Student: 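Have a look at the structure that comes next, please.
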2 protein chains.
Amino acid sequence: MPTMIRARPLVVDVHRDPGVCLHCQARPYSVCNVIGDDDLDRLGQAAVTVTVQPGYSFIQEGDPAEHFFNVTSGTAKLFKLLPDGRRQVTGFAGVGTFLGLAVSTSYAFSAEALDVVRVCRFSRTKLRGLLDDFPALEKRLLEVASNELVVAQEQMLLLGRKTARERLASFLIARTALLPHCQGQNGKAGGASSKEQLHLPMTRSDIADYLGLTIETVSRTLSRFKGEKLIEIPSNTEILVLRHDTLEELATGLS
Amino acid sequence: MPTMIRARPLVVDVHRDPGVCLHCQARPYSVCNVIGDDDLDRLGQAAVTVTVQPGYSFIQEGDPAEHFFNVTSGTAKLFKLLPDGRRQVTGFAGVGTFLGLAVSTSYAFSAEALDVVRVCRFSRTKLRGLLDDFPALEKRLLEVASNELVVAQEQMLLLGRKTARERLASFLIARTALLPHCQGQNGKAGGASSKEQLHLPMTRSDIADYLGLTIETVSRTLSRFKGEKLIEIPSNTEILVLRHDTLEELATGLS
DNA sequence: CGTGTTATTGATAGATTTCAATCAATGTGG
DNA sequence: CCACATTGATTGAAATCTATCAATAACACG
C-alpha cells in the first residue's frame, strides 16, 4: 500500500520577477530556447514561478488542466493511480521538462516533487496566446511531444516484454544518458569500465512503480548487480555504474 | 517465437489523383479536417496514396524516417522488437491515425497492415512546407500528439500494474469506445446489458503482444469471460460484449 | 476434404510477488 | 548523549500468477 499521505497539492511559494527568463539556468534545456532575447520578457510575463517542497504535488490527476508547467530545477515524479492504490510512475521530470501537454480538460497524471522543485507556471489561455504569436514555440512543443511519444513507446516495450534484470539495467543506462558529460564516456573495447556516478532522487518504491515491479524485486536485482560487480551502491541515493556496456547489453535483451 | 516471416516493407500500389481529399471518407477523422476545402488540393498534391496488403509493413523500426502517413482505411499494428524477437505492440492504427511523428531521423516502431490498409504518404520535407503554410495543421498535430501521449500513459499503467483479467477487460472496453455509435450505448442501472459487437482485425498473438501477455493467457482469459457470461465469441475475429459495465469495473481495477 | 495456421485447453515450471523479519539511517525527547 | 520510534532498504521463505511446454480442436483455404 503506497504512502498516500501528504499528497495535498500544496504549493509553497509564488513570486514573479521581470527579466528572470533571460538568466534562467533552465533556458538552454527548455522550450523557451526558441524564443529570442527580445521577446523573452513577453514569455516571462505570462508565467509565475512556483516552488514545490519534496513530497508535495503540483499536478493532480483528474483535476481541471488549467496550467502548463516548465521545470526549472529539481525532479518530479509523474504517476497514475488505480482506485485501490496501485501506482504507475510514467516518468521523472527533470530540468527543462515541459508538463501538461494533455489536451483534454483534465490532467492525465499527477506530479509530485522528489526534491525541491521549481517550475514556471503558465495559464492555459496565456500560453495559447503565446503560441499564436510565436509559431516557433508551437513547433518546439510538437517536437517535445513527439520525443516523449518515442520515450513512452520504449517504456511500453520495457513494461510489456522485459525481465526485471533488463528493466533495472535499462533504467540505469537511461539515467547515465542524463549525466552532464553525456558523450564518449566509455571506451568501445568489450568490458571497458567507465565509472559513472548516478544520483537517484527517487526512492526504491518510485523506481519499482516506474518499472512495474515491487520494491523487493528492485532491491534484490540491484543487490545482484552489485554482487556481479556491475555497480556499486555507496548510499541509498547513489549508484556507481562500473560496467556500462554490460548493463547496456542487458538492457537491450542481449544476454 | 513470433512469426517474423514476410516482414518485408513491401508496398503494393501507388497512385495519385487530384481532388481525392475532398471526398476522402477518412477526412472527418483525420488531421486534414482543419484544412478548408479551398486549400485541400494543396494538401492532396503533397501526398500519394499507398495500398498495403495484410501482413506487409510500411514502416520499419530503425529505418530513416522519410515519410509521414495518414491511415485512410483498414487497421495496422505498430510494434517494437527486441533482438531476440520479443515484441511489444504499442498500438493499433485505425482510420484517421497520423503516423510518423517521431522527430528523430529514424522510425521508433514498425507498422504492419492487419487487413488491406490505405494510407496517405507525405514526404518529410513537403509536410514541413505544409505546416509552415497552415499553422492550424501544426496545432492539430500537437493536439494529436498530446492525445497519443495520454493514451500511452494509460497503456503504461495497464502494462505495469494491471492483472491479465484487467488488461483484457481494458482492451475490450477501449475497443467498444471505437464503435461508430459511441455514446449512450448502455443504461446506467447496474448489470445493464448492452450487446456491443466488436470486430477484431488482429490475432490473439497481436493482442497478447499489445497487452504484455502470452497467446495462451489471452485465450484463457477470454474463455473465462465467456464462462462468466461477460462476452460471447461468435468467431475468432468477433466478440460480443454482454456486460459492458462489469467489464468496465474490471478494467479500472474495481473487481 | 486434406493441410497448415490459429485458437483453445491442460499440466507444469518459473519469475516475481507477497508476507515477514532484519538492518540501516535519521530524528526525537527525556 | 543515548533509548526509542520511524522510515526506507535489504534479505529470506512461501505463494501466486503467468509463462512455458504439450496436446487438441477449430478454422481458413486451396
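Quantities reported herein were computed from a predicted structural model and do not represent experimental measurements. Below, chain A is the first sequence line, B the second, and so on; all start at residue 1. Just so it is clear, the values below take in all heavy atoms, side chains as well, and ignore hydrogens, waters and symmetry mates.
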Student: Just do the side chain to side chain contact (heavy atoms under 4.5 Å, CB included) check on B/F109 and B/L99 with the steps written out, would you?
Tutor: CA-CA 10 Å; B/F109 56 83; B/L99 292 174; 4.3 Å; yes
Student: Between the protein and nucleotides 14-18 of chain D, list every N/O to N/O distance that falls short of 3.5 Å.
Tutor:
unit_1, atom_1, unit_2, atom_2, d
D/dT18, OP1, B/A164, N, 2.8

Student: Could you give the CD-to-C1' distance, from A/E166 to C/dT16, as a whole number of Å?
Tutor: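 Going from A/E166 (CD) to C/dT16 (C1'), I get 14 Å.
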Student: Check the distance between C/dT18's P and A/D84's CG and give it to me in whole angstrom.
Tutor: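 The answer, rounded to whole Å, is 11 Å.
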Student: Under 4.0 Å between a side-chain nitrogen and a carboxylate oxygen: does that hold for A/R243 and A/E196?
Tutor: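 Judged by the 4.0 Å cut-off on N to carboxylate O distance, A/R243 and A/E196 do not form a salt bridge.
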Student: Mind checking B/S219 for me? I need base, sugar-phosphate or nothing, with any heavy atom below 4.0 Å counting as a touch.
Tutor: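 Base, at least one base heavy atom under 4.0 Å.
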Student: Considering the terminal five base pairs at each end of the helix from C/dC1-D/dG30 to C/dG30-D/dC1, what angle separates the two local helix axes, rounded to 10°?
Tutor: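 Answer rounded to 10°: the end axes differ by 30°.
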Student: Would you confirm whether the ring centroid of B/F98 sits within less than 6.0 angstrom of the ring centroid of B/F69?
Tutor: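 Aromatic pair excluded; centres sit 6.0 Å or further apart.
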Student: Looking at every non-hydrogen atom in both residues, tell me the closest pair between A/L200 and A/R175 and how far apart they are.
Tutor: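 Where A/L200 meets A/R175 most closely, the heavy atoms are CD2-CD, 3.8 Å.
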Student: With ring centroids as reference points, do B/F92 and B/Y210 lie under 6.0 angstrom apart?
Tutor: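 Under 6.0 Å, so yes.
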Student: For B/I207 and C/dT8, what is the distance between atoms CD1 and C1' respectively, to the nearest whole Å?
Tutor: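 Between C1' of C/dT8 and CD1 of B/I207: 14 Å.
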Student: Examine the side chains of B/T252 and B/E249 and answer whether a donor and an acceptor come within less than 3.5 Å of each other.
Tutor: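 No, B/E249 and B/T252 have no side-chain donor paired with an acceptor closer than 3.5 Å.
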Student: Taking for each residue the nucleotide of DNA chain D with the nearest heavy atom, is it A/R204 or A/R161 whose nucleotide lies nearer the 5' end?
Tutor: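 Counting from the 5' end, the first nearest nucleotide belongs to A/R204.
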Student: Rounding to an integer number of Å, can you tell me how far A/R224 CZ sits from D/dT10 C1'?
Tutor: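 To the nearest whole Å, that distance equals 16 Å.
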Student: Can you tell me how far P of D/dT11 sits from CD of A/E216, to the nearest Å?
Tutor: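 The distance from CD of A/E216 to P of D/dT11 comes to 12 Å, rounded to the nearest Å.
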Student: Distance check needed: C/dT26 P versus A/N236 CG, whole Å only.
Tutor: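 So the CG-P distance, A/N236 to C/dT26, works out to 9 Å.
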Student: How close or far is atom P of C/dT9 from atom CD1 of B/I215, stated in whole angstroms?
Tutor: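 Value for this atom pair: 14 Å.
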Student: Figure out the CG/P separation between A/D209 and C/dT17, and round it to whole Å.
Tutor: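 Rounded to whole Å, this separation is 11 Å.
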Student: Please lay out, stage by stage, how A/V119 and A/N70 fare under the test side chain to side chain contact (heavy atoms under 4.5 Å, CB included).
Tutor: CA-CA 5 Å; A/V119 295; A/N70 198 52; over 6 Å; no
Student: Only pairs under 3.5 Å count here: list side-chain donor-acceptor contacts from residues 74-82 of chain A, not counting sequence neighbours, and write none if there are none.
Tutor:
unit_1, atom_1, unit_2, atom_2, d
A/K77, NZ, A/D206, OD1, 2.6
A/K80, NZ, A/A108, O, 2.9
A/K80, NZ, B/E154, OE1, 3.1

Student: I'd like to know if B/E216 and B/R220 make a salt bridge, using a cut-off of under 4.0 Å between side-chain N and carboxylate O.
Tutor: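 No salt bridge links B/E216 with B/R220.
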